[in-house]
Structure formats: structure tokens, C-alpha cells
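To start, the structure itself, in C-alpha cells.
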Amino acid sequence: MSPVASDSPVDAPLADWDDYVEAVLSVVESVPSGRVTTYGAIAEAVGSRGPRSVGRVMSTYGGSVPWWRVVRADGSLPPSHDEEALARYREEGTGLRASGRVDLALAAWWPSTSPAS
DNA sequence: ACATTGACGGGCC
DNA sequence: TGGCCCGCCAATG
């Protein structure tokens, strides 16, 4: 649809990436307290690119969202300031295992595959 | 335009 | 249970 597009000389490609970023951040913000989700889950929720891209978004724009609610597939804590993340889990009552990892069996929460609105 | 790195995932030892 | 390797996708320098 629609022709267009040539009115913006230097920001078109960035808009596409920014849209993806916005979708990812939206999912992270939608994660309920005391629950956690994985990078792969977010990747599937938004629809793609790979889990690595999700991590890239978080590292760049994740500073504005509850990044601590995002853990790896095995439940290991998010990088950087993992101690702060642990504090959040204790506050929110997130199930933690002995090794200091999140108990995905208890706190695993999967976003809707259709973000929609 | 090329090569490298990276907030990952899964498999194997 | 923990550590090591490979593969996947895209941005950044």
C-alpha cells in the first residue's frame, strides 16, 4: 500500500527498527510483577528476528523498562547488576531457586502472541 | 562494504 | 549442575 515515502531522506530505515524496539519494550512492560519472561518468548511474541535482536534492543533501550523481569531461557539472571535484579525478585515475590536463578516453573510468564493493542 | 560483537538458545560433555 | 561450542540475526565501528 501506498507509494510514498520519499519525503523523508534520512530516517526511513530507522523507523522500522524503532517500531520493533517499541514492540519489544511494550511486551516487557506488560510483564506482571512477580513474573518473568525470556528473550526467546519476546522474540516470538513480536514475531521475529532472533532472540539476539531482542537482547540488543534491551541493551540499547531497555533502560526504560523493567529489564529485571527479562531472563534467559534457562532462568539465569539478566546481565549487569544481577544483584539489583535479585532484590526486585525478593520484593515482587518471584520464585527463586537455590542458585540465585529465577524459577521459571513458577514465574515463567508468556506474553500474548498478538500484541495488538 | 566488511568484519566484529552481542542483555541468546540449544546441544553436548 | 556447570561449563564449552556452534549457530542465528542484526546493529555498530
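Hydrogens, waters and symmetry mates are skipped; everything else that's a heavy atom, side chains included, is used. Proteins come first, then strands; the chains are lettered A, B, ... in the order of their sequence lines, and each starts at number 1.
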ask   = Honestly curious: do Val65(A) and Leu77(A) fall in one hydrophobic cluster under the side-chain, below-4.5 Å linking rule?
value = yes
For the residue pair [X] and [Y], establish whether any side-chain heavy-atom pair is separated by less than 4.5 Å.
X         : Y        : result
Leu104(A) : Asp74(A) : no
Glu22(A)  : Trp17(A) : no
Trp68(A)  : Leu86(A) : no
Pro78(A)  : Val70(A) : no

For nucleotides 1-3 of chain C, tabulate all protein N/O to nucleotide N/O atom pairs closer than 3.5 Å, reporting atom names and distance.
{"unit_1": "dG2(C)", "atom_1": "OP2", "unit_2": "Arg101(A)", "atom_2": "NH2", "d": "2.3"}

inquiry  = Atom CD of residue position Glu29(A) - does it have more than 12 heavy atoms of other residues, nucleotides or ligands inside 6.0 Å?
reply    =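 Count over threshold, so yes.
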request  = Once you apply the 3.5 Å cut-off to both distances, tell me the Watson-Crick or G-U wobble partner of dG13(C), or none.
outcome  = dC2(B)
message = Please name the nucleotide paired to dG7(C) by Watson-Crick or G-U wobble geometry with both distances under 3.5 Å, or report none.
response =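 dG7(C) is paired, partner dC8(B).
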query = In whole angstroms, how far is the P atom of dC9(C) from the CG atom of Asp16(A)?
reply =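 After rounding, the gap between these two atoms is 16 Å.
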ask   = Can you tell me how far P of dA10(C) sits from OH of Tyr61(A), to the nearest Å?
value = 16 Å
ask   = Ion pair present between Arg35(A) and Asp103(A), side-chain N to carboxylate O less than 4.0 angstrom?
value = no
inquiry  = Could you check whether any side-chain N or O of Tyr61(A) sits under 3.5 Å from a backbone N or O of Arg56(A), counting only pairs where one atom can act as donor and the other as acceptor?
reply    =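 No, the answer is negative, given that no donor and acceptor are paired below the 3.5 Å cut-off.
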ask   = Tell me, for nucleotides 4-13 of chain B in 5' to 3' order, what letter each nucleotide earns: B for a base near a protein heavy atom under 4.0 Å, S for only sugar-phosphate near one, - for neither?
value = -BBBBSS---
